[in-house]
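In what follows, a structure is listed as structure tokens, so that the remarks can point back to it.
Numbers restart at 1 for each chain; the letters A, B, ... are given by sequence-line order, proteins then strands.
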Amino acid sequence: MLEIKNLHVKLEEEDKAILKGVDLTVEAGKVHAIMGPNGSGKSTLSYVLSGRDGYEVTDGSATLEGEDILEMEPEERAAAGLFLAFQYPVEIPGVGNMTFLRTAVNAQRKARGEEEMSSAEFLKVIREKAKALKIDAEMLKRPVNVGFSGGEKKRNEILQMAMLEPKMCILDETDSGLDVDAMRLVADGVNALRDAGRAFLVITHYQRLLDHIKPDVVHIMANGRIIKTGGPELALEVEERGYEHLLAEAV
Amino acid sequence: MALPQAKQDTTEARLSRLSLPEGGWPEAARRDALTRLRAMGLPNARDEYWKYTRPDTLTAPEAPQAAVLHADETPIFGARDTLTVVFVDGEFDAKASDDLAMSGVTIDRLAGAPDIHWAKDIYGKLETAGQIPVARPLATLNTAFATDGLLIHVTGKAEKPIHFVYRHGSETSDAILHHVVRVDAGAEVTILESGPAAARFNKCMEVDIADGGALHHVRTQGRDHQRRAATHLFARLGTESTFKTFTLTVNGVLTRNEVIVDLTGDDAVAHVAGACLGDGDFHHDDTVFITHDAVNCESRQVFKKVLRNGAVGVFQGKILVKPGAQKTDGYQISQSLLLDDDSQFLAKPELEIYADDVACSHGSTSGGIDDDSLFYLRARGIPRGEAEDLMTIAFIAEAVQEVEDVSLQEEIVERVSAWLARHRR
Ligand SMILES: Nc1ncnc2c1ncn2[C@@H]1O[C@H](COP(=O)(O)OP(=O)(O)O)[C@@H](O)[C@H]1O
Ligand SMILES: [Mg+2]
């Protein structure tokens with residue numbers, strides 16, 4: 001599904017290398033987790049994959065189902081099936097949540113040559129999915145993320161993911177700032193989308209989200225590289241012993 | 001004080017092309033206006049009040065040419081049930097207009113008005129009062145030379161909105177219209193205006209709202225690129241009355257909209273709002289003066305300007321709180337969305353307050369489209385152009401929401417979307 005090879009990324013504005021050779025392959029149907037200390041480059045990886053400005057790829061490649069995504073516009077990557085649940089979802093005053101989502105769903109459909117979703121169908125689907133995430137009608141009407149609590153913002157990200165039905169879902173610290181109940185809602189939302197044709201890359205700082213979203217593979221990222229890859233037990237190891245010993249091992 | 005020679009020359013040159021309509025009740029007001037105009041002279045670039053907007057094409061003897069745009073859009077508000085009044089290049093089109101009659105309202109025309117008319121007490125009177133402390137000579141010229149207009153007396157709840165449709169037919173038309181609206185106590189009306197009007201359009205509307213009356217005014221100034229307009233809207237508000245005006249302007253090399261509101265009765269509410277979108281050779285000036293002269297009144301000014309390719313937006317807005325106008329609630333915001341570095345927003349917000357128990361705020365900002373928001377929308381699959389349009393509509397939303405009727409809001413947003421789609425990069 002997603003294949004990242006020797007990815008090197010620096011900041012566009014300054015000569016600062018952030019990703020220093022990331023190799024990562026996520027197969028369809030799998031859940032991979034990336035853990036790592038703050039500042040190790042996890043968010044940068046997710047931004048570079050989704051096409052945010054400000055970064056320069058100096059080496060390496062990233063493909064989604066064999067297609068080079070690094071040359072694509074962000075909207076093209078989205079239409080190709082890539083989704084990023086933001087670590088910090090953006091507040092957009094004046095743009096209604098519903099309008100935003102309907103525009104997004106239909107823009108992607110249009111880009112893929114599919115028929116647009118009618119308003120009636122859209123309403124039906126979004127109500128259903130919002131209900132599962134305990135997002136009320138009032139929240140759907142409000143401007144995108146404006147006045148939402150931290151937890152509401154994260155649930156709104158998952159709602160968007162559920163509506164857009166992407167193939168490759170990247171979740172950047174979707175668990176941060178969530179209480180236990182909200183985390184369960186988010187995890188249920190993710191688990192409901194798990195299927196053979198879809199893959200997940202779950203970036204998290206803590207192991208606890210992985211109790212709810214069981215990963216197939218766990219990677220540890222530090223200083224712009226994947227320094228260790230293993231099974232779910234690796235997450236438990238981090239939980240128990242922290243990152244220090246892994247970092248020490250890697251040097 | 002004698003007028004500087006240059007000003008006198010400009011004024012006389014302009015006057016030489018105009019003739020004072022004679023007869024009927026307005027004649028005295030017209031003669032008085034002509035005298036006042038000669039004393040103040042037409043504005044020029046040296047006038048402080050015209051610092052950001054060059055008045056020369058508005059005061060020139062002839063209207064500069066303006067091509068007529070044959071738009072393929074259906075006319076805005078056209079599908080609504082309104083009492084429609086059509087002016088073509090400033091001339092009343094009886095055939096295209098509805099009967100000037102409906103319940104709750106009586107309507108006469110300024111042209112051919114009888115000897116005695118209620119409008120005599122308002123015509124030119126609010127305009128005269130609005131000359132202090134800043135002269136508005138183009139309004140005075142209008143009072144003197146307006147060829148037509150409607151005199152609208154609202155006696156109850158108007159059956160439906162009145163819609164002025166201003167069509168532009170000739171490339172050199174120079175139209176001067178003057179409307180008077182009197183809203184009786186407790187009466188209510190909605191007035192819509194749309195269309196490019198003429199190559200050059202000078203329009204004045206005087207509005208007198210009695211206690212508890214309400215006037216909703218929604219106007220669109222559309223789309224002909226080379227048209228010019230100078231408009232004045234004078235409103236006097238009685239106790240517990242409401243006046244809400246919103247203007248959408250797209251295109252036009254020069255538009256200056258002045259709104260002068262006098263809150264003379266306690267607990268009155270005045271909202272003055274506007275959104276404009278300009279691409280290229282576009283200059284739009286909103287000049288607003290709100291006087292609080294009573295207790296516990298609310299005024300809001302909300303202006304949003306979307307500017308690109310060298311377009312210029314101007315905002316001069318003032319709140320004057322007179323002594324004794326306690327509990328005044330005054331709000332003013334003017335913002336521009338600059339879509340490139342060539343465009344310009346010039347703002348002069350002013351507060352002058354002579355009462356101590358008031359809450360007034362004002363703010364003015366300029367900025368581009370927020371990169372993080374744009375990326376967020378694009379990351380969800382919304383193409384750049386469409387995402388920018390969404391952000392632009394979001395930007396003007398606060399102004400559009402000043403329109404009370406949601407269906408009107410929606411129609412305005414539709415027009416803005418269409419404009420943005422046509423102007424996408
Ligand atoms: N736009 C930026 N400007 C400056 N430094 C940045 C920028 N983006 C990322 N960085 C730096 O790159 C490193 C990795 O950051 P980030 O990807 O956010 O890490 P993580 O998500 O793992 O905490 C940090 O040192 C951070 O300060
Ligand atoms: Mg991060």
E115(A), CD atom: more than 12 neighbouring heavy atoms under 6.0 Å: no
Test item: F375(B) and S50(A) side chains (from C-beta on) under 4.5 Å apart, heavy atoms: yes
When V90(A), D53(A), N106(A) are compared by non-hydrogen pairs under 4.5 Å with chain B, the top option: V90(A)
D372(B) side, atom CG; Y88(A) side, atom OH - distance, nearest 0.5 Å: 12.5 Å
Toward chain B, the part of E91(A) with a non-hydrogen atom under 4.5 Å: backbone
Taking every non-hydrogen atom, the tightest pair across A394(B) and V95(A): CB-CG2, 3.5 Å
Exercise: identify the closest heavy-atom pair between A78(A) and R380(B): CB-C, 3.9 Å
Whether over 12 other heavy atoms sit under 6.0 Å from E13(A) CD: no
K30(A), NZ: over 12 other non-hydrogen atoms inside 6.0 angstrom: no
Electrostatic pair R52(A)-D371(B), nearest N-O below 4.0 angstrom: no
Point-to-point distance, once rounded to the nearest 0.5 Å, from CZ of F100(A) to CG of L390(B): 9.0 Å
Smallest separation among heavy atoms of I92(A) and M391(B), with atom names: CG2-SD, 3.7 Å
Within 6.0 angstrom of R112(A) CZ, more than 12 heavy atoms from elsewhere: yes
Per-residue contact mode, V105(A) against chain B (heavy atom under 4.5 angstrom): neither
E73(A) vs R384(B), salt bridge (Lys or Arg N to Asp or Glu O under 4.0 Å): CA-CA, chis, key distance, verdict: CA-CA 9 Å; E73(A) 297 292 333; R384(B) 186 191 191 101; 5.5 Å; no
Neighbour count >12 (heavy atoms, 6.0 Å) for atom CG, D195(A): yes
Greater than 12 external heavy atoms within 6.0 Å of K160(B)'s NZ: yes
Aromatic plane relationship, Y376(B) with F86(A) - under 30° parallel, 30 to 60° tilted, over 60° perpendicular: perpendicular
Contact class of Q401(B) relative to chain A, heavy atoms under 4.5 angstrom: neither
Non-hydrogen atoms of A379(B) and P74(A) that approach each other most closely: N-CB, 4.3 Å
Region of P89(A) that comes under 4.5 Å of a non-hydrogen atom in chain B: both
